[in-house]
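Each ligand, and each atom within it, is numbered from 1 in the order the structure gives.
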Amino acid sequence: MSVVLGIETSCDETAAAVVDGNYRVRSSVIESSIDQHRAFGGVVPELAGRAHVTTLGPVVARALANAGLDAHHPAIDAVAVTSGPGLIGSLLVGLSAAKAYALGWGVPFVGVNHLEGHLFAPLLEQPDLAWPVLTLLVSGGHSMIVLQSGPGQHEVLGETIDDAAGEAYDKVARWLGLGYPGGPEIDRLAQRGDATALKLPVSMTGPDFDLSFSGLKTAVVRATEKHHEVALGDVAASFQAAVAEQLLRKLRHAMERYDVRGVALAGGVAANSALRAGVRSLADGFAVACHLPTLELCTDNAAMIAAAGLYRFGADGPSPFNLSASPNWQLVDVS
Ligand code: KG4
Ligand code: ZN
């Protein structure tokens, strides 16, 4: 049975994990440099890259130790690492380290697409899940609806034409004077707010599966400039309802079009309470399985990278040692 060490350093999380051939997570360690970025209202690439340099070694050592593996001669069969998309400096730290570990231990290494990694998260909790599955992949950098006919078999049905959903949360939070990242705070405030307080447009009501959030962000700015009296919680609730309505409407539309056996959420915005509740009720309505990975598997982690690496290694073999980082690697370009 193959055992894979996964490494993830595409943004501000420094993560390492050990996953076995049955997609069982033997260890998963996640550190983040987010505290260094808060003051800037977003991830500062140079700071993120430097943080990976100091954090990655100890994180890998803990992942190996937690999996009961020897630090110097671990019984692993391959090293999987995110080689894109992401911040170039951050990707290069993980990629260089993965190559060094693989060379030192005499095992192959495999470069993994970060977005494909997110798609493997549900499998880590339910390795025998029934396909096909429709996945809403929503994070700070990406928003797309993906039809998966099996592990590693994916078709992007539609994606955002401007901002990602998480990016919209972060921008609106910044406008409202809330901290970074904005998603968790807006979600928390929205619980106590009135979602009908602000009239906000629901974008992209056409028959395709593309998404858009920049108009909504502008609408929040305009509406709050005009209606100073509306409470913060009500603004948060109105914005959250408009985001969820667009995403859930598109997902419902995709479920009507495609005969699937499950629906899944992936990416950091999958932590959102309105989305989780909406996807659960959609799945119930269509009588299909609902895959909502635990939050630690929704946000950036290395277990999902190890899982995708396990699949890619089996399907395509190892990557060449001259593989370089691909900061803009699209999911549609994954073989
Ligand atoms: O996947 P992720 O950890 O990092 C990448 O972007 O790859 O996602 C982070 C994003 C941030 O934009 C953050 O504001 C958003 O996920 N987020 C949320 C919630 N928790 C995190 N957005 C809405 N509601 C939440 N509860
Ligand atoms: Zn991500």
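- Between the side chains of T9 and H52, no donor-acceptor pair is found at a separation under 3.5 Å.
- You'll find the ring centres of Y169 and F213 outside the 6.0 Å limit.
- Around the Zn ion (ligand 2), the protein atoms of type N, O or S that sit closer than 2.8 Å are H114 NE2, H118 NE2, D300 OD1.
- Shown here are the side-chain contact (heavy atoms from CB on, under 4.5 Å) partners of A264, two or more places apart in sequence or in another chain: P122, V133, T135, H291.
- Note: Y180 and H37 fail the aromatic proximity criterion, with ring centroids not under 6.0 Å apart.
- E8 and T82 are linked by a side-chain donor-acceptor pair at a separation below 3.5 angstrom, with hydrogens and angles left out of the test.
- Residue G166 has at least one heavy-atom neighbour below 4.0 Å for each of these atoms of ligand 1: 12 (O).
- Taking distance alone, with nitrogen or oxygen atoms compared against 3.5 Å, Y169 stays at or beyond that limit from ligand 1.
- Protein heavy atom in closest approach to atom 15 (C) of ligand 1: V269 CG2, 3.9 Å.
- Of the N or O atoms in G268, one or more lie within a sub-3.5 Å distance of an N or O in ligand 1.
- Looking at residues two or more places apart in sequence or on another chain, you find a side-chain contact (heavy atoms from CB on, under 4.5 Å) between S28 and A17, V25, I30, E296, A303.
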**OP:** Might you work through the salt bridge (charged side-chain N to carboxylate O under 4.0 Å, His left out) test for E31 and R62, ending with a clear yes or no?
**Re:** CA-CA 11 Å; E31 292 283 341; R62 269 165 59 206; 2.9 Å; yes

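- Residue D170 touches ligand 1 through its side chain alone, judged by heavy-atom distances below 4.0 Å.
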Subject >> Test log, rule salt bridge (charged side-chain N to carboxylate O under 4.0 Å, His left out), inputs R312 and E116 >> reply: CA-CA 10 Å; R312 280 290 149 213; E116 183 168 60; 2.8 Å; yes

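- An N or O contact shorter than 3.5 Å links D300 to ligand 1 by distance.
- Scored by the side-chain contact (heavy atoms from CB on, under 4.5 Å) test, V112 finds A80, I305, A308 as partners (sequence neighbours excluded).
- Given atom 26 (N) of ligand 1, the protein heavy atom at minimum distance is D187 OD2, 2.9 Å.
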Subject >> salt bridge (charged side-chain N to carboxylate O under 4.0 Å, His left out) between D210 and K250, intermediate numbers included >> reply: CA-CA 8 Å; D210 281 342; K250 291 283 174 177; over 6 Å; no

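- Atoms of ligand 1 lying under 4.0 Å from any heavy atom of P181, numbered from 1 in the order shown and given with element: 13 (C), 14 (O).
- Set against the non-hydrogen atoms of T299, the atoms of ligand 1 under 4.0 Å away are 3 (O).
- The protein heavy atom nearest to atom 18 (C) of ligand 1 is G183 CA, 3.5 Å.
- Close contacts between ligand 1 and G140 involve ligand atoms 5 (C), 6 (O), 8 (O), 9 (C), 10 (C), 12 (O) [criterion: under 4.0 Å to a heavy atom].
- Note on ligand 1: G141 sits in its first shell, one or more heavy atoms being nearer than 4.0 Å.
- No side-chain donor-acceptor contact under 3.5 Å links D163 and S214.
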